[in-house]
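Since the structure comes first, as structure tokens, the remarks are kept for the end.
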Number of protein chains: 2
Amino acid sequence: MAQSDTVDRILDAAEELFAERGFSETSLRMITSKANVNLAAVNYHFGSKKALIHAVFARFLSPFSVTLETAFDELEQRCKGNPPTLNETLWALTESAIRMPQRNEKGISIFMRLLGLAYTQSQGHLRKFLEQEYGEPFGRFMHLLKEATPELSAVDRYWRIQFMLGATAFTMSSSDALIDILDNKLGVQASVQEIAARLVPFLAEGMKAPDKLQGPPSLAGTTVA
Amino acid sequence: MAQSDTVDRILDAAEELFAERGFSETSLRMITSKANVNLAAVNYHFGSKKALIHAVFARFLSPFSVTLETAFDELEQRCKGNPPTLNETLWALTESAIRMPQRNEKGISIFMRLLGLAYTQSQGHLRKFLEQEYGEPFGRFMHLLKEATPELSAVDRYWRIQFMLGATAFTMSSSDALIDILDNKLGVQASVQEIAARLVPFLAEGMKAPDKLQGPPSLAGTTVA
DNA sequence: TTAGCGTTCAAACGTATGTTTCAAACAGAC
DNA sequence: GTCTGTTTGAAACATACGTTTGAACGCTAA
């Protein structure tokens, strides 16, 4: 009881602080005082700050990757033979993320924000850790995307996947702030689930855009090589 | 000669280091030793590290906002009366960014990467600074977008603009790395200009996606409220 | 009871940070 | 050539960081 309580309190506090301030901007002292825990506890239980960051990610990424693999299994099984469509693939991922058992109501947005930070904050050790631990489900998602968009050239698909990742990581990582702004400006309440529901069609349409480069419309709408 | 040389060397070094490492992760000592300048010079010329960050942004954002206003002026003038189309609006922004006079060949990607960092790293002072100094051209862009997509509800437009910003900021901020990866994987050379040419149609199509929320395809492709 | 073990605690460690100091070097005007 | 305001230089400042230490604590088994 004593142990796991301290460990979890540290993880909870770290997760929240990392999500709202970033890694370098969050000190161990902030974490331990928020968790009502002694400073030395972090190094005792985790070894170092880097290892704590890894533990924070592992705590939600490990169950998520299991959920995701299952979702992909079901998806491939459901449409025996033919590869899943783009919409189905995107939704498999989205649902896995949304339906994850959450520790609290902010769970999903913290989850997303941390993923976004992992991309943008260039913490080399984190990138290595994530690739090593969770490279497989990611590679599988990429493969599904490839089969779902056979009409795209490899180069086009490559860039459009980056665009999708960007739109998702960026929006989700600021989801809380964006939801607040929307409420202030238009008086509309939104949820992470709703953002996802709006994001998927946006991505799918962008993905299926005509496969050619466009020049600026000032050149009479011609297409350029 | 002496003054402006030191100031510019500091700005050059800071710009590059900020872009590749982030703000908190870049110390004044890294900057001054890269710039071959005394440590005290930063506080002497700029006053503080925060002010240096602002100066780095101002140096490329000020000319850019002028270029952008001009581009919007020309655009509105060209199509008297009718509001510019979505493609035209996006291209006006894109061309302004691409055609900016660059200090060196890495200029455009540093520019983009810094903009991305400004969004993701939650440096409160930076956000305030940018809103205060450059809120006007941004607001004008938003207004053009609104007129170019009258069929969208305000809520839909809001979210899709975030998606566009995300795809752009995210991709462009890692453009160098992504170009390298593409070269390694597929042996294809790319440029920032080409990324932009691929990004615009992706964004435009996503923006024009059917204006309704979609449920997961597991629910037989029905649409949900 | 006592010995052992995992855990917590206050305090200190060494290092790196942003910032300040003040003397020396420099420039241009008279 | 000398003076004046500006810019650089080496050093130190105070503070915050991640990490380590060693003593105290609470529990379980002998």
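In this text the structure is predicted, and so the values were computed from the model without any measurement. Residue numbers begin at 1 in each chain, while the letters A, B, ... track the order of the sequences.
In terms of the side chain to side chain donor-acceptor pair (under 3.5 Å) criterion, residue partners of A:H125 (sequence neighbours excluded) are, by chain and number, A:H54, A:Q123. Looking at residues two or more places apart in sequence or on another chain, you find a ring-ring contact (aromatic ring centres under 6.0 Å, His included) between A:F60 and A:F57, A:F111. A:K34 meets the side-chain contact (heavy atoms from CB on, under 4.5 Å) test with A:A13, A:E16, A:L17; sequence neighbours excluded. Take A:A55 and apply the side-chain contact (heavy atoms from CB on, under 4.5 Å) test, not counting sequence neighbours, and it matches A:L11, A:F46. With sequence neighbours excluded, the residues satisfying side chain to side chain donor-acceptor pair (under 3.5 Å) with B:T149 are B:R157. With sequence neighbours left out, the side chain to side chain donor-acceptor pair (under 3.5 Å) criterion links B:D73 to B:R140. Residues satisfying the side chain to side chain donor-acceptor pair (under 3.5 Å) test with B:Y134, not counting sequence neighbours, are B:S62. Qualifying side-chain contact (heavy atoms from CB on, under 4.5 Å) partners for A:L28, counting only residues two or more places apart in sequence or in other chains: A:I31, A:L39, A:V42, A:N43, A:K49, A:L52.
Stem analysis of DNA chain D (at least three stacked-register Watson-Crick or G-U pairs, each with both distances under 3.5 Å) gives C:1-30 with D:1-30.
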Pull out every protein N or O sitting under 3.5 Å from an N or O of nucleotides 14-17 of chain C, one pair per line with the distance.
{"from": "C:dT17", "atom 1": "OP1", "to": "B:S27", "atom 2": "OG", "distance (Å)": "3.3"}

Strictly under 3.5 Å: I want the nitrogen or oxygen pairs between protein and nucleotides 23-25 of chain D, one per line.
none

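For A:Y44, taking side-chain heavy atoms from C-beta onward, the closest of the listed nucleotides C:dT7, C:dC9, D:dA12 is C:dT7. Of the candidates D:dG9, D:dT20, D:dT8, the closest approach to any side-chain atom of A:N43 belongs to D:dT20.
Residue pairs meeting the ring pair (Phe, Tyr, Trp, His ring centres under 6.0 Å) criterion with at least one member in residues 166-191 of chain B, sequence neighbours excluded: A:Y119-B:F170.
Residue-level contact check: B:A41 touches neither bases nor backbone, having no heavy atom under 4.0 Å from any strand.
Tested against A:R9 for a side-chain hydrogen bond (donor to acceptor under 3.5 Å, both in side chains), the candidates A:D12, A:T6, A:D5 yield a single pass: A:D5.
Neither OP1 nor OP2 of C:dG18 sits under 4.0 Å from any side-chain N or O of B:S48.
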